[in-house]
Amino acid sequence: MKSRIAILAFLISLTLGLTRAADARPNILFVFTDDHAPHAIGAYSDWLKNVNPTPNIDQLAQEGMLFENSFCSNSICGPSRAVILSGKHSHKNGFMNNGNSFDWNQQIFPKILQKAGYQTAIYGKSHLKGRPQGFDDWAVLPGQGLYYNPDLIFPDGRRRIDGYCTDIVTDLAVDWLKEGRAKDRPFMLMVQHKAPHRNWMPALRHLDLYDDITIPEPETLFDRYEDNAPPARYQELEVDRHMDLNYDLFVDLTPEFNQPPSQKRQDRSAWSNMKRMSPDQLGAWRAAYAPKDEAFHAANPSGKDLVRWKFQRYAKNYLRCIKGVDESIGRLRTTLQELGLAENTVVIYSSDQGFYVGDHGWYDKRWMYEESLKMPFIIKWPGVTAEGSRSRALIQNLDYAETFLEMAGAPIPSDMQGKSLVPLLQGRTPANWRRSIYYHYYEYPSVHMVPRHYGIRTERYKLIHFYQFGEEWELYDLKTDPDELTNLYGRTPFSDLTFDLKNQLVALQQHYEDDSDVREMPDEWQRRMRNQP
Ligand code: CA
């Protein structure tokens, strides 16, 4: 009898020991936003030092590690998320542009974490259509979602939640951390904000933020694309020619919200956003923006002055949305501390791609140029990442899945195409770390009219190939020309460099098995391109 008890006691202690060992695996809190350019983060850039929009994200960088050369593989919302979940380039995971539907039946890292004993949850923007798989709990916005009083889709159905989207998503995540999860297992929690995606609608508490500040204009605000290949002149994403005062900037929508001010599609859409607000919310919005609109009409700017005004309104609303995101990071980290989880939770901040905040005269993303190719990636892994460290290694969203799996001690499937960042996080860059990244964008014809292109970026150079309308190439030396204003392609001194980069590009396409450069376009779009200026 005594020996039986001893054996039982031994087995119990063994089980408890195993449970404790399992608990030692780190939790992962992955905060992910939509369209937050790295240069709109204090830790990345001095551009906004008079604005200070991201104190909490900057604090995370001070305590953890910041990646200076962090890139997406396809600069658009849904595809970036699909790459992250699958650890595969767009042509392999099948979600090449926002019009596609993600195949949730495929192998994705949250499913592998579940098998390894992790609890998983996702709240906020999915943008992949369909019912999420691989998550023990979830609530996702339908499509792009709305900033105010949004609907969310839960496992048991769709319902409206009153409030501001960034705050609601944070609430869901905080509630799950406090009450929703099983406390005896490690977790991977994805908090995916809609903000700061267009149309930029800040929280009511931030509507007057930055009113007394002039946002510094980017040096390339009036870029005329004189040295680019033709696609840069064919686009439709200029603050000047394409950004709409009503749809993008909500000018004059406040007094007459009961009716769309015109039958233009974009005006109706802006009206739908406003219509979603409660009378109290709308009243606060009106009170904040009516004086700004009056001042705009009184000044009646035109030409470059109008571009400058639009840039200020745009950048301020964008940064106000980012302020909401930054506060969310603060709340989530405070919650981890309150729950005693901070010391064993990896915290990551990233966003699905970069963005043009007036850079090159643009808004939106899609291009392989720096501002939208770059993604923020800031991470604190307590006990592993060195405080305030920075890495210049070339990393991509392609790498996140393998990184999370290695952190969790879970198996990494051989068909994933990234590289685990764990060695970099431990402060050592492997000798065979990648020396170039591969990019391929597909969403054309579509809004903003950025044609398909692929390319290679090394630490110093970038070679881009636009292939739908003849052979258009661009080559930039990022060391001497960080704003990518001088296209070196076809210039004699650079022919050897070009030859070498083209060979490297072909090698990358073979390595990733990418033969998806489909060139045939419908006649209608061929004609439309030819009729462009
Ligand atoms: Ca996005």
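Computed from a prediction, not measured in an experiment: that's the story for all the values here. Atoms within a ligand are numbered from 1 in the order they appear, just like the ligands themselves.
- Using a 4.0 Å cut-off between charged side-chain N and carboxylate O, Asp248 and Arg198 make a salt bridge.
- The aromatic ring centroids of Tyr439 and His453 lie less than 6.0 Å from each other.
- Between Asp481 and Lys462 there is no salt bridge, since no side-chain nitrogen of the basic residue lies less than 4.0 Å from a carboxylate oxygen of the acidic one.
- For residue His127, no N/O/S atom approaches the Ca ion (ligand 1) to within less than 3.0 Å.
- Within Asp352, the N/O/S atom positioned nearest the Ca ion (ligand 1) carries the name OD2.
- Within Asp34, the N, O or S atom at minimum distance from the Ca ion (ligand 1) carries the name OD1.
- Draw a line from the Ca ion (ligand 1) to OD1 of Asp35 and another to OE1 of Gln353, and the angle between them is 90° (to 10°).
- Here the CG-OG distance, from Asp352 to Ser75, works out to 8.0 Å after rounding to the nearest 0.5 Å.
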